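Not measured: the values here are computed from a predicted model.
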Amino acid sequence: FVISGGSDMVGLAFSDLFNLGTIQPADLTEVRVLLGVEVARLACLRASDREIDALEANIVAAEAAVRSGNTPLRTELNLEFHRMLARMTHNPLMVTLTNAVTVVTAQVSKGMVPMSDRSVMPLRRRLLAHLRARDTAAAAAEMHDHLLRVQRHYLKHAGSSPGAVAGAAPRARAAAD
């Protein structure tokens, strides 16, 4: 299922759930933190040097997009960064979940004020250094701190960005949430 391209179907299902209002921006950001930290930890343990080099090439390309002011390209490269990290775990379910979450992340971020390059790009370099050093604790902590900043940014801007919640119907949250 995952190997044969089924992960695209999971992304489509997540996208549909977001458009129906079942998945809210707060749900997405919460899952991104949980999943992203574990992906960073496992990638640190399992990635080959070649995969880490490819991740560095992604960072270089994103830095070039920043310098040229190409925000759409920078955004796509940043999303690809997370997909690459997931592939570095060598766990098809981590890849599938990350791909699905990335589909919804792209929807939420459309029309939203992007995060400052001053925080995102240095994080990429620090995480790369932790991956090369095989420092799982530092990689996980770096990703955790970054994704919490992203979470605050998304939740601050989600309500004010028409593109961030296009098609999403409000839903009641249970008191136990």
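Summarising the geometry, atom CE belonging to Met94 is positioned 5.0 Å from atom CG belonging to Leu42; distances are rounded to the nearest 0.5 Å. Note that CG of Leu55 and CE of Met88 are 5.0 Å apart. Values are rounded to the nearest 0.5 Å. Of the inter-residue distances, the one linking Leu85 atom CG with Glu80 atom CD reads 10.0 Å to the nearest 0.5 angstrom. One distance of note links CD of Glu51 with OG1 of Thr89; it measures 9.0 Å at 0.5 Å rounding. Atom CZ of Arg32 is separated from atom OG1 of Thr98 by 9.5 Å, given to the nearest 0.5 angstrom. Here the NE2-OG distance, from His90 to Ser48, works out to 5.5 Å after rounding to the nearest 0.5 Å.
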*Please test Leu35 against Val39 for side-chain contact (heavy atoms from CB on, under 4.5 Å), starting from the C-alpha separation and ending with a verdict.*
CA-CA 6 Å; Leu35 183 62; Val39 163; 4.2 Å; yes

*Go through the steps to decide whether Asn91 and Arg46 satisfy the test side-chain contact (heavy atoms from CB on, under 4.5 Å), and finish with yes or no.*
CA-CA 10 Å; Asn91 179 325; Arg46 299 176 181 168; 4.1 Å; yes

*Evaluate the criterion salt bridge (Lys or Arg N to Asp or Glu O under 4.0 Å) for residue pair Glu76 and Arg83; output intermediate values, then yes/no.*
CA-CA 11 Å; Glu76 179 51 39; Arg83 291 187 293 260; 2.3 Å; yes

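At distances below 3.5 Å, not a single donor-acceptor pair connects side-chain atoms of Asn99 with backbone N or O atoms of Thr96.
Closest approach of Ala106 to Leu79, counting heavy atoms only: CB-CD1, 3.7 Å. Looking at every heavy atom in both residues, Arg134 comes nearest to Ala43 through NH1-O, 4.1 Å. When all heavy atoms of Gly36 and Leu147 are compared, the pair lying nearest together is CA-CD1, 3.7 Å. Arg41 and Ala140 get closest at one heavy-atom pair: CB-CB, 4.3 Å. Residues Val95 and Ala86 share a closest heavy-atom pair of CG2-O, 3.4 Å.
Side-chain contact annotation: His146 with Gln151, donor-acceptor N/O pair under 3.5 Å absent.
With a 4.5 Å cut-off on side-chain heavy atoms, Glu56 and Arg125 count as touching. Residues Glu63 and Arg74 form no side-chain contact, since every pair of their non-hydrogen atoms from C-beta on lies 4.5 Å or further apart. For the pair Val66 and Met121, the minimum side-chain heavy-atom distance is below 4.5 Å. Side-chain contact between Asn78 and Arg124 is present, with heavy atoms from C-beta onward closer than 4.5 Å. With a 4.5 Å cut-off on side-chain heavy atoms, Asp53 and Arg132 count as touching.
When each of Ile52, Thr136, Asp49 is paired with Leu131, the side chain to side chain contact (heavy atoms under 4.5 Å, CB included) condition holds for Ile52 and for no other.
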